[in-house]
Structure formats: C-alpha cells, structure tokens
> 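Mind having a look at this structure? Questions to follow.
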There are 2 protein chains.
Amino acid sequence: MKKITKYIIKNSLKRIFLYRASLVRLKMMGVEKVFSYTLANETGVTSDQVRKDFSEFRIKGNKRGGYEINELLGNMEEIFHRNKDHNIVLIGMGNLGLALSKYSKFVQRNMNVVATFDIDPFKQKMRSDLPVYSMGRLKEIIDRFKVKVAILAVPEISAQEVTDELVRVGIKGIVNFAPVLLKVPADVIVNNVNLCDELESVIYCVHKMIKADGLKNIELLYRDMKY
Amino acid sequence: MKKITKYIIKNSLKRIFLYRASLVRLKMMGVEKVFSYTLANETGVTSDQVRKDFSEFRIKGNKRGGYEINELLGNMEEIFHRNKDHNIVLIGMGNLGLALSKYSKFVQRNMNVVATFDIDPFKQKMRSDLPVYSMGRLKEIIDRFKVKVAILAVPEISAQEVTDELVRVGIKGIVNFAPVLLKVPADVIVNNVNLCDELESVIYCVHKMIKADGLKNIELLYRDMKY
DNA sequence: TGTATTTTGTGATTTTTTTCACATCAAACT
DNA sequence: AGTTTGATGTGAAAAAAATCACAAAATACA
C-alpha cells in the first residue's frame, strides 16, 4: 500500500544496545580491549555482524588491535547523545508509573524524569519522591524543561486521550506501557512496551521448544527473542 | 562463525501481537469482521504483510468475506496457548517487581504469578498481595505449580546468580528486566526488557528526526520503533 | 443462473539484511 | 628491517523478508 525507502537504523540499533551492555560488563570485569569475536560470543551474533554494525555507525577499531572498550563506549555515548541531559516526563502514577519514577537507571544514563503527572496528584503525592502534577500543568512544565519525550503509564482506557494531549503540547517521542496502539501524527515516535506480550512470547517460544524438543531449532528461537 | 537455518517465527510473531491488539480494540468498538487492509491501516503495515503473516501461521479467512474477528482471536489464542493457564514466578520484589506482581493484565491473559521471591521476603511481604518466599523455597514451589517461566526483576548484580538457580530448578523461559546479558544454556529462552534502552532508543529517534526534520525519513523511523 | 466485483492466498520478484571472503593494515616476532 | 600473523573493514554473494501481482474463490447483484 505504501512504500518505505531505506534510510538507516534497523536491527543494528538494537544490537548496538546489546554490544553496549556487553561492553559495560566487560569493562567492569577489568577488560580493556575487545575483538569483534569477543563481542560476538558475548552477545550471540556473528563477528561479521558486529563489524558490519560498527561500520554502519562509522565506528572504527584498529586493525589487528581490535577495539578499545572506552573508546567504543565513547562512540556509543555519542550515538545516543548521552553527553547531553534529557528531560523526560512520566504520565500516570499507578503501580507501574510509581516504579518507573523510582527507577534509578534512567538517571545514571542522563535521562531525568523531571516531573510526573496523574489525574489525582494528591493521592499519589505521598508515595512519590518526584513532584506529581495534575494534567493541567503539563504544558507549563514541558515548556520550562524543554521536554520532548514522555513515558506513558496510564490505564489503557485513557491512553489515547492523554496521547492526544501530549502531542498537542509538543511531545515528539512516547514510551507507551499501555497495551493499545496509539494514533499519533507521523512526526511523533511511539515505542510500545507491552509487558503481557513480552511474557506471552516467552511462553510461546518455550512451548514451541518443548514441542520441537530437538536441538536443531533452538538456536533460531533463541535468536529471535533477542533482536 | 555459525550458521542458523530458517525455521519459523521472525517478525511475524511480533506483528501477530500487533494485530491482536488491534482486533481487541475493534471488537470493543462493535466491529465483527475485518479485511486485511483494515488491520493494515490500524497497525501501519501493508495488507500483503498481514496476509503473509496469517499464511505463516496457517490462519485462514474467507475470500471476499475477509476475517471474522472472533475466529481470528480464537486462532491467536490457539497460537499463544491462551486456552491453558500458565503459572509464572516472579523473582525480586523491589519497586519494579512489586509493580509487576500487581499488574492485573497478566491474569486477564491466563498468566498467573503464583508466587514471588525475594532475598528479604519479610520486608516485602507487607506491601505485596501475593505470597513472598525466600529463594530457598524456589524448587518446591516451581515443582508444585509446574512453573516453566519466570520474571526476573532483581538488581543487575545478582541477576546472573539468580538465573543460574532458575535454570538449575528447571525454568525454561525468563523475562529479564535486569540490564545484563544473561548466560543460559541453549534450551532456555531469555527475553530481555531493558527499560533504559527503550527510553533511549526513543530519544535517539526523536533526535534523529528533529535533525533530519524532513518528512521523507520519518516513516521508516516510525516503522522501526514498532516491530 | 451467470456475470461482475472484491478479497484472499501464495508463487514470483524485489529489496533488505546477513554472511562470506579477502584485501588491507598494524602489531609482534625474528 | 622484513616477515609472519591476526584482526579489521567492506565489496560481493547468499539468504531472508517484504512487496508485487494475479489466480482462485466467494459474495452480490442482475
């Protein structure tokens, strides 16, 4: 129906995240240099793939010498704009929203949840470490902190309505935890995280594997879960 | 380094989840029948793709008549073994674990968290609606409830250690929320849900888009976020 | 009952992604 | 210094995935 022309990104991006996770671990273990096959072994891809992905993102190593972990991590920081601070807002302070608001890893990666919002801010305020505002103050806060990305953790029934509001006030990216397909303009990115689907797909693969039992098909199943 | 031969699954599986989400919504709106292009429009893929995916999973419609939503949902229940109940355990009752233990959607889809585990079960017990056990009782509970799949929400520092234990007691699938790459035998499925990565990839795409600004590249970026 | 219309289902084709393979370079060793 | 060794980087080849395109089937309607 509609043709989409190639640009960049694709699975490479997801694999870059994998590589980085692996690099962080290796660094912690005191390793300083890696080869493409080191990363390959760690992450379960081929060494060619690692090099191709790096090539895609213009990441260079030294022939024979492999890659300096620190340099590599630096490259990746660059790619993900980790040098800059990113202000985020979080909408919906139910159980999940609350947990996300306390998730310390975001801060460690320079992603700061500057404010949270809820229909009933007073009820949630006491449980939260962060300020909880009513939706009425969304525009004010977003403008003040130049927020471009929001985490959406509201009940599915109000997800679309809240999304429309987010789009209206200028949000350009949404990580959506509500199990609904949001309608947004073409210039707004939505990344759906569907917890049920994640669990269900594991159940599916486990079943499939138990049934297939053989060792032949396992690799692909495994592979498919990862990227 | 290693060759992986085709079997089944691939992105189709992820898209099936998309279709289902869309079908559930349409059904709620009172719709009873869909055509491949209805689903295509709803989910942002092409109608050919929808039909190809269905073909992959042996889902049949009627020529000219399209697909009966109920029948389609039935097919998908079949695919995901939704008719059966699935017992799950949840390891790690920190903020995230607690939120997941209260996540009502799992139950709605026949996935029951039958027990939770934590290093310090007594501290967590009062906040939880579900039983919280110490890790020592893992094998007993898993055997009793025939659990094959676990949700891992422990700190990254103990993730591998806990995983080893899970594998030892016979767990075959893990949804891992710790931002580490777990080492598991080939017959154990790991599905990593990395909250930082999800957020970061949105930030990445938003940046990319603001920079590219044009309308030409937007579609692909959007697409890549979804599947 | 027959014809027109519309949508499925799937081989054939095109595009994208992955893998292969090798020239190229840098270090290590003699 | 020269030679050997071992890893990168990248075009070329292969494989996989998406799109096209059309025959087959089912409905609607005359």
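Remember, predicted model here, so these are calculated numbers, not experimental data. Below, each value reflects all heavy atoms present in this structure, side chains not excepted, and no hydrogens, waters or symmetry copies. Order of the sequence lines sets the chain letters (A, B, ...), proteins ahead of strands, with each chain counted from 1.
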> Nearest to the side chain of B:Tyr37, heavy atoms from C-beta on, is which of C:dT8, C:dT7, D:dT10?
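Closest nucleotide to the B:Tyr37 side chain: C:dT7.
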> Does A:Lys60 have a side-chain nitrogen or oxygen under 4.0 Å from the phosphate oxygens OP1 or OP2 of D:dT10?
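Yes, such a contact exists.
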> If I take atom CG in residue B:Leu39 and atom C1' in nucleotide C:dG9, what distance separates them, rounded to the nearest angstrom?
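Rounded to whole Å, this separation is 16 Å.
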> Using a cut-off of under 3.5 Å, enumerate the N/O to N/O pairs linking the protein to nucleotides 27-30 of chain C.
from, atom 1, to, atom 2, distance (Å)
C:dA27, N3, A:Arg64, NH1, 3.3

> Whole angstrom is fine here: how far is it from CZ in B:Arg51 over to C1' in C:dG11?
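It works out to 13 Å between those atoms.
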> Are any of B:Gln49's side-chain N or O atoms less than 4.0 Å away from OP1 or OP2 of D:dA17?
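No.
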> Take atom CG of B:Asp53 and atom P of D:dA18, then tell me their distance rounded to the nearest Å.
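That distance rounds to 7 Å.
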> Between the side chain of A:Gln160 and the main-chain N/O of A:Lys183, is any donor-acceptor distance below 3.5 Å?
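Confirmed, A:Gln160 side chain pairs with A:Lys183 backbone.
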> How long is the line joining CG of B:Asp48 and C1' of C:dT8, in whole Å?
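Interatomic distance, CG of B:Asp48 to C1' of C:dT8: 11 Å.
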> Answer yes or no: is there a donor N or O on one side and an acceptor on the other, between the side chain of A:Ser201 and the main chain of A:Asp197, under 3.5 Å?
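Judged by distance alone, yes, a pair lies under 3.5 Å.
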> Under 4.0 Å between a side-chain N/O of A:Ser55 and OP1 or OP2 of D:dG9, yes or no?
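Indeed not, no polar side-chain atom of A:Ser55 lies that close.
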> Enter the distance from A:Leu13:CG to A:Glu56:CD here, rounded to the nearest 0.5 Å.
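Here the rounded value is 10.0 Å.
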> Around atom NZ of A:Lys27, are there more than 12 heavy atoms of other residues, nucleotides or ligands at under 6.0 Å?
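Result for NZ/A:Lys27: open.
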> Taking the side chain as every heavy atom from C-beta outward, state whether A:Phe117 and A:Ile142 have any pair of such atoms under 4.5 Å apart.
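No, every pair of side-chain atoms sits at 4.5 Å or beyond.
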> Output yes when at least one side-chain N/O atom of A:Asn11 is less than 4.0 Å from OP1 or OP2 of C:dT16, else no.
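Checking A:Asn11 against C:dT16: no side-chain N or O falls below 4.0 Å of OP1 or OP2.
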> Counting only side-chain nitrogens and oxygens, does B:Arg15 get under 4.0 Å of the OP1 or OP2 atom of D:dA18?
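Yes, because at least one side-chain N or O of B:Arg15 sits under 4.0 Å from OP1 or OP2 of D:dA18.
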> Rounded to the nearest Å, what distance is computed from the CD1 atom of residue A:Ile59 to the P atom of nucleotide D:dA7?
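Roughly 20 Å, once rounded to whole Å.
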> Look up atom NE2 in A:His207 and atom CD1 in B:Ile189, then write down how far apart they are to the nearest 0.5 Å.
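Between A:His207 NE2 and B:Ile189 CD1, I get 12.5 Å after rounding to 0.5 Å.
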> A:Arg58 has an atom CZ; how far is it from atom P of D:dT8, in whole Å?
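Atom CZ in A:Arg58 sits about 19 Å away from atom P in D:dT8.
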> Can you tell me if B:Tyr67 touches the phosphate of C:dG9, counting only side-chain N or O atoms and a distance under 4.0 Å to OP1 or OP2?
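Indeed, a polar side-chain atom of B:Tyr67 lies that close.
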> In whole angstrom, give the distance that lies between atom CG of A:Leu72 and atom P of D:dT8.
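Atom CG in A:Leu72 sits about 11 Å away from atom P in D:dT8.
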> Write down the distance between NZ (A:Lys33) and P (D:dG6), rounded to a whole number of angstrom.
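Going from NZ in A:Lys33 over to P in D:dG6 covers 14 Å.
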> So B:Phe54, base contact, sugar-phosphate only, or nothing? Heavy-atom distance under 4.0 Å.
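Answer is nothing: B:Phe54 stays at 4.0 Å or more from every strand.
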> Under a 4.0 Å N-O cut-off, is there an ion pair linking B:Glu200 with A:Arg20?
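Yes, B:Glu200 and A:Arg20 are salt-bridged.
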> If we check side-chain contact (heavy atoms from CB on, under 4.5 Å) with A:Ser36, which of these qualifies: A:Thr46, A:Val45, A:Val50?
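For A:Ser36, the side-chain contact (heavy atoms from CB on, under 4.5 Å) check succeeds only for A:Val50.
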> Does the C:dT17 base have a donor-acceptor partner in the side chain of A:Lys52 within less than 3.5 Å?
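Donor-acceptor pair under 3.5 Å: no.
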> May I ask you to evaluate whether A:Ser36 reaches the phosphate of D:dT8, defined as a side-chain N or O under 4.0 Å from OP1 or OP2?
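So the side chain of A:Ser36 is within the cut-off, an N or O lying under 4.0 Å from OP1 or OP2 of D:dT8.
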